[in-house]
**Q** 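Can you keep this structure in mind? I'll have questions shortly.
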Amino acid sequence: MLVISDKTVRLVLKPAVFIACLLPLMLLVVGLINDTLGANPVEAMTHVTGEWTLRFLLITLLVTPARQILKLTWLIKFRRMLGLFAFFYATLHFITYIWFEQYFDWAEIVKDIIERPYITVGFSAFVMLIPLALTSNKMMIRRLKKNWVKLHKLIYVIAVLGVLHFIWLVKADYLQPFIYGVILLVLLSYRAYQQRKPATPAEGRRCRRSSS
Amino acid sequence: MSIIIKSTSDIKSSDITSKSVYMDRRRFMQQAFASSLLLAADAMLPVWAKRWPDPAQAPFRADDKLTSFEDITSYNNFYELGTSKTDPVKNAAAFNPRPWSIAVEGECDKPGVFDLEDFIKPYALQEYIYRLRCVEGWSMVIPWVGFSLAEMLKTFEPNSKAKYVEFTTLLDKSRFPGQSRRVLNWPYVEGLRIDEAMNPLPIMAVGLYGDILPNQNGAPIRLVVPWKYGFKSIKSIVKIRFSETRPKTTWNELAPDEYGFYANVNPEVDHPRWSQKTERRIGDAFWKPKQKTAMFNGYGEQVAQLYTGMDLTKNF
């Protein structure tokens, strides 16, 4: 078991992970400035922000299994940041759509959300991320108590909708969304398996601590 | 210009072209001269050198600003060379479009199998500047080099049973790596109603920007039907068949509710998953709004009469 002090996590690892999480955005901005995003930069922006939203959702969901399997308790300290980055990239994805795809044509946007299933599920997933982001601070965790855990179970629904959003927008080649789908399935199966298995007292303690 | 004549002692044996190379070159030059398509016949020159001798200007020239050669050749939907837009340019080198032959069959009096050069030879090449609107919602303006499809089809003397023309792309996993995965039902097939095919607009393209057609754009020969969504303009054609019945076309068979047989550009009929009202003109700055899509991609004057009395919402 690799033990890392709180101080190291706070002063070294967290800033490093934070910067790493911003890299996709930085590369996108550099590409935009240098005009190296290819023939259709808006499509590139949409794809990059969308893909990173999904990746951060999956990475966030990976934290708990990784912590339990590798017995690295300190990993939990990154979960909030990773989840917030999922929301951050989802917001960029949504802004790209509203601004550069639809150019603030609100009638078309509403029509899209209502009529086009992949946009309906994508938009729903984004809306569900908002309360999770808003309640991710310590004060809300304390105030919501047990409801906080219940509310944050929404992440599973969001991830499923996110993958569905990807599957439904593909024209013919389902390989990419399939890969995301399989990873999500593995992560969800792990949780289902853990639920059915009676928790040892030690694990229970760890879980309680982890949600604060 | 001065010519330096070296004495034999100055010439190293390694500088002397070997007989076989010399003979290859000689044979190559003979072949090249034998063909009126001197430059096109050459698969050994680098891409930038493969140009058509100045083609004449066709009457059909869109006034729009041309899309750059770089954008036209690096952003392609050509699943035979990979499903992402940037795959075709990356995999282009793996695809050798020579030798190439085209079979013409079905309801016509002069069917046959033709070597590419012989197939092209009878027609005067012209430059056509056409808008290309992809079903995905983006568009380009491309200066094609090609010849009239109608003129070409007439050469084979289609008979009265020829109601449709079907086109087929090469099926060859070794040249088209994308065909190793069954993303589409290979080979790619497209088709036109005979009156659509006989309209003066559609062309068989063998080049763009004066160059011979880059591999990623459907080398060595492709169809261009400017009033229809891009997927109708089938690439790398090896077979043309006249038929009495409507061809089973690839995208239409894959998702009939999303991709119609006609696939005329129509801002009024949405794709079930996205609007077709607007399009992004490739090359425009990213902050610019998309532009409105025109009915028949702006070619209504030439083609609207083909569809009089037809419900274009049903026959999309």
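Just so it is clear, the model here is predicted, and its values are computed rather than measured. So you know, we letter chains A, B, ... as the sequences are listed, proteins then strands, and number each from 1.
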**Q** Using non-hydrogen atoms and a 4.5 Å limit, figure out which bit of B/R182 sits close to chain A: side chain, backbone, both or neither.
**A** neither
**Q** Going by heavy atoms in the side chains, are B/S275 and A/R116 under 4.5 Å from each other?
**A**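 Counting from C-beta outward, B/S275 and A/R116 do come under 4.5 Å.
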**Q** Which residues satisfy the side-chain hydrogen bond (donor to acceptor under 3.5 Å, both in side chains) test with B/Y262, sequence neighbours excluded?
**A** B/R193
**Q** What option among A/I119, A/L32, A/D112 has the most heavy-atom pairs under 4.5 Å with chain B?
**A**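 Ranked by heavy-atom pairs under 4.5 Å with chain B, first place is A/L32.
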**Q** If you count heavy atoms of other groups shown closer than 6.0 angstrom to CG of B/D63, is the number above 12?
**A** no
**Q** Quick check on B/E258 against chain A: is it the side chain, the backbone, both or neither that has a heavy atom closer than 4.5 Å?
**A** neither
**Q** Under 4.5 Å, heavy atom to heavy atom: which of residues 89-110 of chain A reach chain B? Give them by number, or say none.
**A**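 The stretch touches chain B at A/F100, A/E101, A/Y103, A/E108.
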**Q** Atom CG of A/N40 and atom CZ of B/F286: how far apart are they, to the nearest 0.5 Å?
**A** 12.5 Å
**Q** Between B/Y79, B/W138, B/W274, B/W287, which shows the greatest number of heavy-atom pairs under 4.5 Å with chain A?
**A**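 Maximum pair count with chain A is reached by B/W274.
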**Q** Under a 4.0 Å N-O cut-off, is there an ion pair linking B/K85 with A/E43?
**A** yes
**Q** Tell me whether the count of non-hydrogen atoms from other residues, nucleotides or ligands lying under 6.0 Å of CZ in A/R143 goes above 12.
**A**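 No.
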**Q** Would you say that more than 12 heavy atoms from the other residues, nucleotides or ligands in this model lie under 6.0 Å from the CD of B/E70, or not?
**A** no
**Q** With a 4.5 angstrom heavy-atom cut-off, which part of B/N185 approaches chain A: side chain, backbone, both or neither?
**A**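 No part of it gets close to chain A.
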**Q** Side chain, backbone, both or neither: which part of B/R280 has an atom under 4.5 Å from a heavy atom of chain A?
**A**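 Side chain of B/R280 only, per the 4.5 Å heavy-atom cut-off to chain A.
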**Q** Of all residues at least two apart in sequence or in a different chain, which pass the salt bridge (charged side-chain N to carboxylate O under 4.0 Å, His left out) check with A/K111?
**A**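 Counting only residues at least two positions away or on another chain, A/K111 forms a salt bridge (charged side-chain N to carboxylate O under 4.0 Å, His left out) with B/D270.
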**Q** Using non-hydrogen atoms and a limit below 4.5 Å, what part of residues 167-186 of chain A faces chain B?
**A** A/W168, A/L169, A/V170, A/K171, A/A172, A/D173, A/L175
